[in-house]
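Here's the structure, in structure tokens; my notes come after.
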Amino acid sequence: MIHNQVFLRQTMRDSSQWEPTSYRTHTIGQIVSEGASLVGEEVSVAGYAETIRGRGAICFIMLRDGTGHIQAFLKKDNMNPEIFDLIQSSTRESTVQVTGLVAQKRPPKVAEGEPMPSPEYEINVTSGEILAEAATPLPVGIIDDVKIGLDIRLDNRHLDLRRSHVNAMFQLRSKVLQYGREHLIKEGFMEMNSPKIIASASEGGTNLFPMMYFDTPAFLSQSPQLYKQLAVLGGLERVFEIGPAFRAEKHDTYRHLNEFISFDIEGAWMNDEDVMGVQERMIHHIWSSVYENDQSLIDVINEYKVSQGENTITVEVPELPFPRIPYSEAIEIVKSGGGEIEWGDDIESHHCDLIAAKYPGFHFLPRWPMSMKPFYIYHNKNEKSDSGGQLSRGFDLNYGRDEMTSGGQREHRVDVLEQNLRDMDLNPEDFTFYTDGFRYGAPPHAGWGLGVARLLMVLTGAGNVREVVLFPRDRTRVTP
RNA sequence: GCCCCGAUGGUGUAGUGGCCUAUCAUGCAGCCCUGUCGAGGCUGCGACCCGGGUUCAAAUCCCGGUCGGGGCGCCA
């Protein structure tokens with residue numbers, strides 16, 4: 001059994017470079033990590049009172065800010081007794097500012113033969129102030145040893161977020177985006193933003209949320225697809241966007257939301273293989289950076305998992321290149337695993353289980369039938385399956401059974417684009433908003449869209465996408 | 001859109017027709033304690049989702065509603 005004290009010792013994030021603010025001279029993390037050089041110095045810190053243990057004329061407060069935990073020790077003899085009483089009778093999670101001297105903490109009693117813990121520091125308080133009193137009881141316990149249902153947690157996400165493992169997940173999310181950006185910028189991609197209010201579908205397939213744009217009917221964008229392509233057509237060469245996408249599908253699963261953040265790239269003079277390379281290098285960079293820099297966040301998540309009797313997670317940097325399992329081969333794997341499927345069928349979740357048994361990690365599924373891909377996906381006329389079906393340059397990236405990415409080389413020849421539409425019984429006249437961008441010369445290009453939360457589910461071992469999205473929007477949830 | 005499941009104090013739970021003025025944990029409130037550290041001790045507080053029905057008797061069975069969960073389809 002691992003107790004709270006284990007992770008109370010560590011800092012939650014590196015705040016060594018943070019400047020003092022009007023409310024504190026130091027972060028708690030700074031005192032925890034630099035305590036030896038601060039002993040005897042007067043500091044002010046501010047934080048949430050995680051626990052307040054009164055013992056009559058002395059009082060212990062476990063203070064937490066966004067950078068760590070520290071114990072504040074209050075003695076009635078050492079301060080204004082009225083302030084002492086006020087703080088001692090305050091409620092858990094109230095915000096408190098205290099001023100006092102840094103001191104080495106008296107070591108806890110340890111059992112015979114147990115190693116002495118490394119030195120810790122505390123603040124001997126001389127004055128303090130309640131900044132904001134917390135109401136009781138808390139709707140969700142921050143450190144209580146009681147499981148809380150996801151729905152209650154999401155209703156009270158601002159409190160749920162105070163729990164260390166939840167906090168760690170969202171810090172990891174920020175890291176994932178940071179490392180992803182780092183890598184793409186290194187490969188020459190530039191960040192762009194596309195409009196989220198659009199006049200018509202930018203990529204067929206899913207339902208859009210309708211809205212009114214003043215007096216004009218409009219929709220929320222389901223993908224930056226078209227706009228990334230227009231940017232590449234315009235000569236920006238390599239672009240990426242991290243932004244929201246909206247899909248009005250009434251799905252209700254552990255991996256779907258109606259608003260999600262999509263990590264998208266598009267590059268000129270590239271085909272599907274080229275952008276798969278970008279993707280696997282980016283994921284490799286993210287994983288190896290987390291492995292090198294952020295093990296403490298993984299540890300915090302694992303402390304919680306252990307306390308709940310769940311399996312812990314390890315950051316296993318995937319080997320390059322990721323396996324490529326062409327669609328036709330995937331069909332054979334499913335068939336030999338006993339799945340009922342024919343060439344031309346979609347590979348469904350239960351089929352993916354069969355493939356994942358052989359390829360449990362990241363793997364690409366390239367060369368899907370053209371008939372299953374949108375009209376804007378590129379195909380070579382001479383690339384056909386054994387059964388004669390036209391293959392495309394569209395691909396997916398899966399991790400285990402879950403789809404992370406959909407991407408491909410795009411069709412850049414406007415006449416082929418229009419023929420693709422006719423082949424799918426669509427009228428090119430209805431798609432001029434898309435095809436018109438291709439009439440004045442277009443580079444061959446390719447790209448993909450990656451679900452950020454799905455990637456984070458893999459990294460953190462979260463079983464539900466709602467865990468790793470701050471304020472998820474699903475079929476029934478629009479608040480908070 | 002389809003299929004399955006669930007709802008008990010603030011939170012997480014026990015409970016399968018009478019043993020329930022409902023279990024346990026956590027929490028909350030109060031008291032004791034001048035070095036606790038998963039603090040401890042004592043005393044309290046607090047719940048059967050809503051509406052209808054069956055029955056001598058319903059947290060428990062039936063119907064409807066509301067809310068939630070899981071799976072499928074579709075997708076990222």
Side-chain angles (χ1 to χ4, degrees), chain A residues 1-6 8-9 50-62 69-78 84 89 91-93 103 105-110 117 120 122 124 134-156 159-160 203-207 222-225 244-264 307-308 346-350 372 374 396-399 402-407 448-457 463-466 469 474-477:
Chain A
M1 186 79 183
I2 292 181
H3 306 307
N4 286 341
Q5 67 196 50
V6 173
L8 295 186
R9 287 198 196 100
E50 200 162 84
T51 56
I52 302 172
R53 286 193 274 271
R55 288 184 62 106
I58 63 170
C59 170
F60 303 94
I61 298 179
M62 187 53 76
H69 299 80
I70 198 164
Q71 177 169 284
F73 177 64
L74 285 72
K75 204 172 196 172
K76 205 165 190 169
D77 299 344
N78 292 348
F84 176 91
S89 60
T91 52
R92 298 204 306 172
E93 292 302 313
K105 197 174 157 188
R106 299 188 186 183
K109 299 177 192 91
V110 292
E120 290 182 66
E122 64 177 5
N124 286 156
T136 59
L138 295 163
V140 305
I142 308 303
I143 57 166
D144 301 350
D145 194 18
V146 173
K147 275 188 188 168
I148 310 163
L150 185 56
D151 205 50
I152 298 285
R153 290 174 48 203
L154 292 178
D155 283 341
N156 299 278
L159 289 175
D160 183 48
E203 176 192 339
T206 58
N207 295 318
Q222 102 233 68
S223 162
Q225 174 71 27
F246 305 90
R247 307 231 167 136
E249 297 287 343
K250 290 185 176 175
H251 34 47
D252 204 2
T253 77
Y254 67 89
R255 63 190 184 280
H256 288 96
L257 292 174
N258 296 292
E259 175 180 351
F260 65 96
I261 300 300
S262 178
F263 201 138
D264 271 87
S307 77
Q308 298 298 309
D346 197 6
I347 299 177
E348 296 168 358
S349 289
H350 56 284
M372 301 177 60
D396 284 356
L397 173 74
N398 280 26
Y399 182 94
D402 293 319
E403 185 178 336
M404 302 280 122
T405 292
S406 174
W448 42 255
L450 168 67
V452 171
R454 289 195 181 175
L455 200 59
L456 211 59
M457 283 174 75
N464 192 311
V465 68
R466 293 163 181 81
V469 174
D474 62 27
R475 189 171 180 170
T476 53
R477 180 176 288 281

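Computed from a prediction, not measured in an experiment: that's the story for all the values here. In what follows, chains are A, B, ... by sequence order, proteins preceding strands, each numbered from 1.
Here the side chain of A:D151 is nearest to one of B:C75, B:G68, B:G1, namely B:G68. The side chain of A:D346 sits closest to B:C75 out of B:G35, B:G10, B:C75. In the set B:G10, B:G73, B:U34, the nucleotide with an atom closest to the side chain of A:I58 is B:U34. Among the nucleotides B:G35, B:C28, B:U26, the one closest to the side chain of A:P137 is B:C28. Nearest to the side chain of A:D145, among B:G35, B:G38, B:C72, sits B:G38. Distances were taken from every side-chain heavy atom of A:V146 (C-beta onward) to each of B:A76, B:U11, B:G1; the shortest belongs to B:U11.
Residue contacts for A:Y254: at a heavy-atom cut-off of 4.0 Å it reaches the sugar-phosphate backbone alone, with no base atom in range. Using a 4.0 Å heavy-atom distance criterion, A:G449 is classed as a sugar-phosphate-only contact. A:R255 comes within 4.0 angstrom of a nucleotide base, judged by non-hydrogen atoms across all strands. At the heavy-atom level, A:S262 lies nowhere under 4.0 Å from the strands shown. Within 4.0 Å of A:I148, counting heavy atoms only, lie sugar-phosphate atoms of the nucleic acid but no base atom. Nucleic acid contact for A:D396: none, since no nucleic acid atom lies under 4.0 Å from a heavy atom of the residue. Nucleic acid contact for A:K105: base, since at least one base atom lies under 4.0 Å from a heavy atom of the residue. A:D155 comes within 4.0 angstrom of no nucleic acid atom, judged by non-hydrogen atoms across all strands. Within the 4.0 angstrom heavy-atom criterion, no nucleotide atom of any strand lies near A:T51. Using a 4.0 Å heavy-atom criterion, one finds that A:P107 contacts the bases of the nucleic acid, with or without backbone contacts as well. A:Q71 comes within 4.0 angstrom of a base, heavy atoms only. Counting non-hydrogen atoms under 4.0 angstrom, A:K75 reaches a base of the nucleic acid. Among the atoms of the strands shown, none is found under 4.0 Å from any heavy atom of A:L150.
Under 4.0 Å is where a charged nitrogen must lie from a carboxylate oxygen, and between A:R466 and A:D474 at least one such pair does.
Using N1 to N3 plus N6-O4 or O6-N4 for Watson-Crick, or N1-O2 and O6-N3 for G-U wobble, each under 3.5 Å, B:G73 pairs with nothing. Of all nucleotides present, only B:C28 satisfies the Watson-Crick or G-U wobble test against B:G44, with each distance under 3.5 Å. Pair assignment for B:A39 gives none, since no Watson-Crick or G-U wobble pairing has each distance under 3.5 Å. Summarising the base pairing, B:G64 is matched to B:C50 through a Watson-Crick or G-U wobble pair whose two defining distances lie under 3.5 Å. The partner of B:C20, taking Watson-Crick or G-U wobble pairs whose two distances both stay under 3.5 Å, does not exist in any strand shown.
Look at A:N464 and you'll find a side-chain N or O under 4.0 angstrom from OP1 or OP2 of B:G70. Within the structure, a side-chain polar atom (N or O) of A:T476 is placed less than 4.0 Å from OP1 or OP2 of B:G68. A sub-4.0 Å separation between OP1 or OP2 of B:G35 and a side-chain N or O of A:R53 is absent.
No side-chain heavy atom of A:Q71 sits under 4.5 Å from any side-chain heavy atom of A:T51. Annotation: side chain of A:E249 is not in contact with side chain of A:H256 (no heavy-atom distance under 4.5 Å). Residues A:E259 and A:V469 form no side-chain contact, since every pair of their non-hydrogen atoms from C-beta on lies 4.5 Å or further apart.
Going from the C1' atom of B:A57 to that of B:G70 covers 36 Å, rounded to whole Å. With P as the reference atom, B:C24 and B:G15 are 14 Å apart, rounded to whole Å. On the P atoms, B:G41 is 12 Å away from B:A25, given to the nearest whole Å. Taking the C1' atoms as reference points, B:C48 lies 16 Å from B:G12, given to the whole Å. Using atom P as the reference point in both B:C19 and B:U11, the two lie 27 Å apart (nearest Å). When the C1' atom is compared between B:U23 and B:G9, the two are found 12 Å apart, to the nearest whole Å. Annotation: B:G64 and B:C3 have their P atoms spaced 14 Å apart (nearest Å). Spacing between B:A22 and B:C49 at atom P, rounded to whole Å, works out to 15 Å.
No hydrogens or angles were tested; on distance alone, a donor-acceptor pair under 3.5 Å links the side chain of A:H256 to the base of B:C74. In terms of polar N and O atoms assigned as donor or acceptor, the side chain of A:R454 comes within less than 3.5 Å of the base of B:C75 in a complementary pairing. No hydrogens or angles were tested; on distance alone, a donor-acceptor pair under 3.5 Å links the side chain of A:E122 to the base of B:G35.
Between the side chain of A:R454 and the backbone N or O of A:V465 there is no donor-acceptor pair closer than 3.5 Å. Proximity of a side-chain donor or acceptor of A:R475 to a complementary backbone N or O of A:K250 within less than 3.5 Å is detected.
Here the P atom of nucleotide B:G69 and the CD1 atom of A:I152 are 11 Å apart, to the nearest Å. Atom CG in A:L138 sits roughly 18 Å away from atom P in B:G9 (whole-Å rounding). Residue A:K147 contributes atom NZ, which lies 18 Å from atom C1' of B:G27 at whole-angstrom precision. Here the P atom of nucleotide B:C74 and the CG atom of A:N258 are 17 Å apart, to the nearest Å. Note: CD (A:E249) to C1' (B:C72) measures 14 Å, nearest angstrom. Taking atom CD1 of residue A:I347 and atom C1' of nucleotide B:C75, one finds them 14 Å apart after rounding to whole Å.
Rounding to the nearest 0.5 Å places CE of A:M457 at 7.5 Å from CE of A:M404. With rounding to the nearest 0.5 angstrom, the CD atom of A:Q225 is 7.5 Å from the CG atom of A:D264.
A donor atom on one side chain and an acceptor atom on the other are found under 3.5 Å apart for A:E50 and A:H69.
Stacking here means ring centres nearer than 5.5 Å and ring planes tilted less than 30 degrees, and by that measure A:F60 does not stack onto B:G35.
Positionally, the nearest nucleotide of RNA chain B for A:S89 lies more toward the 5' end than for the other of A:S89 and A:S406. RNA chain B is contacted by both A:T136 and A:G149; A:G149 maps to the nucleotide lying nearer its 5′ end (nearest heavy atom per residue).
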